[in-house]
Amino acid sequence: MTPPGERKPLVLVARHLLAAGMERLATECRIVEGGLDATAERLRELAPGAVAIVADPTVGVDEVLLDAAGPQLRVVANFAVGYDNVDLEACRRRGVMVANTPDVLTNATAELALALALAAARRVGEAQADLRAGRWTGWDPGAYLGLELSGATFGVVGLGRIGHRYAELVRGLAGEILYTSRTPKPAAERALGASRVGLGELLRRADVVSLHVPATPETAELIGRDELVTMKSHSVLVNTARGPLVVAAALADALREGSIGAAGLDVYEEEPAVPAELLEAPRCVLLPHIGSATTRAREAMARLVAANALAALSGVEPPNRVA
Ligand code: DGY
């Protein structure tokens with residue numbers, strides 16, 4: 001791609017990229033890496049001259065960073081399927097392409113949603129914490145009684161790639177699968193035996209509610225106090241999508257007051273901060289945003305992010321362009 005004697009184009013890897021992606025980028029580009037603790041200010045210092053920025057969900061790609069990079073910037077390749085961290089309009093105005101890494105993390109994220117549903121329903125977090133702290137005094141027929149998921153009604157909010165895979169995974173357990181979607185999905189309904197309902201009905205009827213929609217202005221605070229009070233008192237709420245979908249204080253109250261049964265969360269509004277009320281809430285399994293954290297998924301994401309950046313730099317449509 002780079003003619004002999006010319007300097008390779010500069011790519012800013014905002015934080016860190018696994019070797020699977022770094023090696024591909026390094027064949028064609030010079031790379032500057034911000035590191036895991038790169039601040040917004042540090043990224044602005046590193047950005048000038050970059051033709052590509054490899055970002056991730058923790059990196060705000062805004063007007064200021066885009067301007068710091070300069071007019072030669074061609075692409076923002078996001079190491080994630082979600083791209084709410086990227087100001088798409090600001091990129092469009094500058095003619096900067098944006099790409100993400102879908103598909104390769106679908107299984108990993110859907111599996112984690114199932115893991116959280118099971119862990120929350122069966123009180124795995126508190127049971128393990130008690131054992132490790134030496135509070136387990138022996139088998140007790142009345143201890144840690146949880147919710148059995150066989151025959152349960154599963155509510156899938158958003159039947160995109162991850163929601164669909166999650167529905168496939170829970171099918172063996174589910175008595176019924178309900179889903180919400182802006183458009184009907186007749187093929188998925190046939191394949192999964194799922195029924196499309198509105199969010200209100202899903203919340204009222206489901207034993208397990210799992211969120212699989214992106215963070216947008218429309219989905220902000222999708223689940224707040226008004227929604228939580230309509231859920232069953234034994235129900236489980238799972239969020240592996242994005243923190244802003246759920247009002248953390250309202251969820252903590254609902255868990256404390258017993259208006260829902262349990263929750264399993266992998267994402268938070270101001271990561272890595274976890275709201276204190278959630279840390280203190282009962283029956284709440286909390287994970288540090290590991291939805292896509294399998295070796296297979298993360299290595300594939302790294303290769304895909306590099307492929308997206310390199311395609312854009314050689315004037316070809318990136319395979320996963322979103323803007
Ligand atoms: C994504 O891809 O959006 C995930 O949150 C990253 O794990």
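Whatever order the structure lists them in is the order used to number ligands and atoms, beginning at 1. These numbers come from a predicted model, not from an experiment. Here, residue 1 is the first one in the sequence, and each next residue gets the next number.
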| request: Please answer whether the main-chain N or O of Ala206 pairs with a side-chain N or O of Lys232 as donor and acceptor at a distance below 3.5 Å. | output: no
| message | I'd like to check which ligand 1 atoms, numbered from 1 as shown, lie under 4.0 Å from a non-hydrogen atom of Leu105. | response | 2 (O)
| note | Looking only at protein heavy atoms, what sits closest to atom 2 (O) of ligand 1 is Val81 N, 2.6 Å
| task | Compute whether any side-chain donor of one residue and acceptor of the other, for Arg298 and Ser292, lie under 3.5 angstrom apart. | result | yes
| query | Which of the numbered atoms in ligand 1 are below 4.0 angstrom from a heavy atom of Ser292? | reply | 6 (C), 7 (O)
| field | Where ligand 1 meets His289 - atom numbers and elements under 4.0 angstrom, heavy-atom basis | value | 4 (C), 5 (O), 6 (C), 7 (O)
| remark: Rounding to 0.5 Å, atoms NE2 (His212) and OH (Tyr166) come to a distance of 5.5 Å
| Any N or O of Met301 that comes nearer than 3.5 Å to an N or O of ligand 1? | no
| note | Looking only at non-hydrogen atoms, the one of Arg242, Arg298, Glu271 nearest atom 3 (O) of ligand 1 is Arg242
| field | Within-cut-off N or O pair, Phe79 and ligand 1, under 3.5 Å | value | no
| Relative to the heavy atoms of Ala80, which atoms of ligand 1 are at a distance of less than 4.0 Å? | 1 (C), 2 (O), 3 (O)
| ligand 1 atoms in contact with Gly82 (distance to a heavy atom under 4.0 Å) | 1 (C), 2 (O), 3 (O)
| query | More than 12 heavy atoms of other residues, nucleotides or ligands under 6.0 Å from CZ of Arg94: is that the case? | reply | yes
| Regarding Asn239 and Asp266, is there a side-chain donor-to-acceptor distance under 3.5 Å anywhere? | no
